[in-house]
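Values in this document were obtained by computation on a predicted structure and should not be read as measured data. The figures that follow rest on heavy atoms only: side chains count, while hydrogens, waters and symmetry mates do not. Chain letters run A, B, ... following the sequence lines, proteins first and then strands; every chain starts at 1.
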Number of protein chains: 2
Amino acid sequence: MPADPLDRSAAAPGPERAETGAEQETACQPDRFNRARAAQAATILEDYAEMIGDLIAEFGEARVTDIAHRMGVTHPTATKAVARLRREGLAISRPYRGIFLTDEGEALAGRVRARHRTVVDLLVAVGVPAETAEMDAEGMEHHVSRTTLRAFEDYLRQIDAPPGTESSSQD
Amino acid sequence: MPADPLDRSAAAPGPERAETGAEQETACQPDRFNRARAAQAATILEDYAEMIGDLIAEFGEARVTDIAHRMGVTHPTATKAVARLRREGLAISRPYRGIFLTDEGEALAGRVRARHRTVVDLLVAVGVPAETAEMDAEGMEHHVSRTTLRAFEDYLRQIDAPPGTESSSQD
DNA sequence: ACATAAGTGTAGCCACGGCTTCATTTCGGC
DNA sequence: GCCGAAATGAAGCCGTGGCTACACTTATGT
Ligand SMILES: [Mn+2]
Ligand SMILES: [Mn+2]
Ligand SMILES: [Mn+2]
Ligand SMILES: [Mn+2]
């Protein structure tokens, strides 16, 4: 093959790094992806915890079959997820009995539920149809950081304020 | 086994379980999660395709090591991802040579890149700090449907309109 | 009370996406 | 041209999160 006409060495992002001021734009890149992967790992726990919380609120307990049905998976899959919740100290259960949340699990479920609602609300606020917002939020929510969540809340509060009351620029 | 002291019937506030239309309001629920799972499955392909596109734009080709470095993974992981891209008809490569995108892969990369920017822009527009927006968008973007993306674009266009020129919005 | 239905557990399969380790190839300096 | 370094490939491990198939337990109805 022709000796590769492309010399990467010349086009390299920058042999010397101008430190302090300019962050190496490609150096933070891996971090972004790592964070996204970490968020993805928590997705299952979060969704199952919230779901179990919902079922407990409705029926007083969460059963594997109900969890599986609502999550759209088979019951062994739900069982495995519950096992992981148990390992993480988020749920408790006994064989052939319902699943319950620990205090920690309940706290998580609560946070997740609130965040979910905020994300949906924000999407609707910027013009996304309600049904679509509900759909997309189910996946997006797990990647919404605390900072972003707070920004969403502030934004929603701001647009909720009566338009006549214009203390907008200030706090 | 001890005669289980936990009778589920007592724990349940409502003895009767979802007998009426309770199933119907939760019928869409599995679909939401299935969609979120599908979006997650596409995440890897999308991010790698975009990344390969970036590298080609910079260096004329994408090398496994560079991909791995920017994605924050080891090179065998990047190799596996490239293999999957090839299988899906999104990339082409020959042993010990650079990786390139097919027309389809290039189209995907372009869409993903544009969507990424839109998501970041929207986050910033509603008050999320730029760096945080970049972080969160990396994960959120894959769950943004076409409908939501269009809503984002409309919203951004709307707020981009000069505040003084309010011909568009009825007053 | 007992038969059957429904719920649950368990085992084992698969693909994915990380990783380490080692073999092989290509590249670059001399 | 050679040789060492760097890049790439290939094998194989692990955990996750789907699934099916089958065993067992619990609930239910007669
Ligand atoms: Mn979710
Ligand atoms: Mn949710
Ligand atoms: Mn991404
Ligand atoms: Mn992206």
Nearest-angstrom distance from the residue atom [atom1] of [X] to [atom2] of [N]:
{"X": "A/Phe33", "N": "C/dG17", "atom1": "CZ", "atom2": "P", "result": "14 Å"}
{"X": "B/Tyr96", "N": "C/dT24", "atom1": "OH", "atom2": "P", "result": "9 Å"}
{"X": "A/Arg63", "N": "D/dA27", "atom1": "CZ", "atom2": "C1'", "result": "9 Å"}
{"X": "B/His69", "N": "C/dC19", "atom1": "NE2", "atom2": "P", "result": "13 Å"}
{"X": "A/Leu55", "N": "C/dG7", "atom1": "CG", "atom2": "P", "result": "14 Å"}
{"X": "A/Arg94", "N": "C/dG9", "atom1": "CZ", "atom2": "C1'", "result": "15 Å"}
{"X": "A/Glu61", "N": "C/dG7", "atom1": "CD", "atom2": "P", "result": "12 Å"}

| said: Salt bridge check, B/Asp154 against B/Arg157: does any charged N sit closer than 4.0 Å to a carboxylate O? | reply: yes
| message | Any salt bridge linking B/Arg35 with B/Asp31? Criterion: basic side-chain nitrogen under 4.0 Å from a carboxylate oxygen. | response | yes
| request: Apply the test side-chain contact (heavy atoms from CB on, under 4.5 Å) to residues B/Val112 and B/Arg115: give CA-CA distance (whole Å), side-chain angles for both, the deciding distance (0.1 Å), then the verdict. | output: CA-CA 5 Å; B/Val112 170; B/Arg115 187 188 59 187; 4.1 Å; yes
| message | Restricting to non-hydrogen atoms, name the atom on A/Arg94 and the atom on A/Arg86 that form the minimum distance, rounded to 0.1 Å. | response | N-NH1, 4.3 Å
| said: Would you say B/Ile159 ends up clustered with A/Leu156 if hydrophobic residues are merged whenever their side chains have heavy atoms under 4.5 Å apart, either directly or through other cluster members? | reply: yes
| query | Do B/Ile52 and B/Tyr96 belong to the same hydrophobic cluster, where Ile, Leu, Val, Met, Phe, Trp and Tyr are linked whenever their side-chain heavy atoms lie under 4.5 Å apart, directly or via other members? | reply | no
Any [X] side-chain nitrogen or oxygen under 4.0 Å from OP1 or OP2 of [N]:
{"X": "A/Thr65", "N": "C/dT8", "value": "yes"}
{"X": "A/Arg97", "N": "D/dA27", "value": "yes"}
{"X": "B/Thr79", "N": "D/dT8", "value": "no"}

| message | Could you check whether atom CG of A/Asp103 has more than 12 heavy atoms from other residues, nucleotides or ligands sitting under 6.0 Å from it? | response | no
| query | Is the number of heavy atoms from other residues, nucleotides or ligands under 6.0 Å of A/Arg113 CZ greater than 12? | reply | yes
Output a table of nitrogen or oxygen pairs between the protein and nucleotides 1-5 of chain C separated by less than 3.5 Å.
none

| query | Would you say the ring centroid of A/His143 lies under 6.0 angstrom from that of B/His142? | reply | no
Atom pairs under 3.5 Å, N or O on each side, protein against nucleotides 15-19 of chain D: can you list them with distances?
| from | atom 1 | to | atom 2 | distance (Å) |
| --- | --- | --- | --- | --- |
| D/dG17 | OP1 | A/Arg84 | NH1 | 2.8 |
| D/dG17 | OP2 | A/Arg84 | NH1 | 2.3 |
| D/dG17 | N7 | A/Lys80 | NZ | 3.4 |
| D/dG18 | O6 | A/Lys80 | NZ | 2.6 |
| D/dC19 | OP2 | A/Thr74 | N | 2.8 |
| D/dC19 | OP2 | A/Thr74 | OG1 | 2.9 |
| D/dC19 | OP2 | A/Thr77 | OG1 | 3.0 |

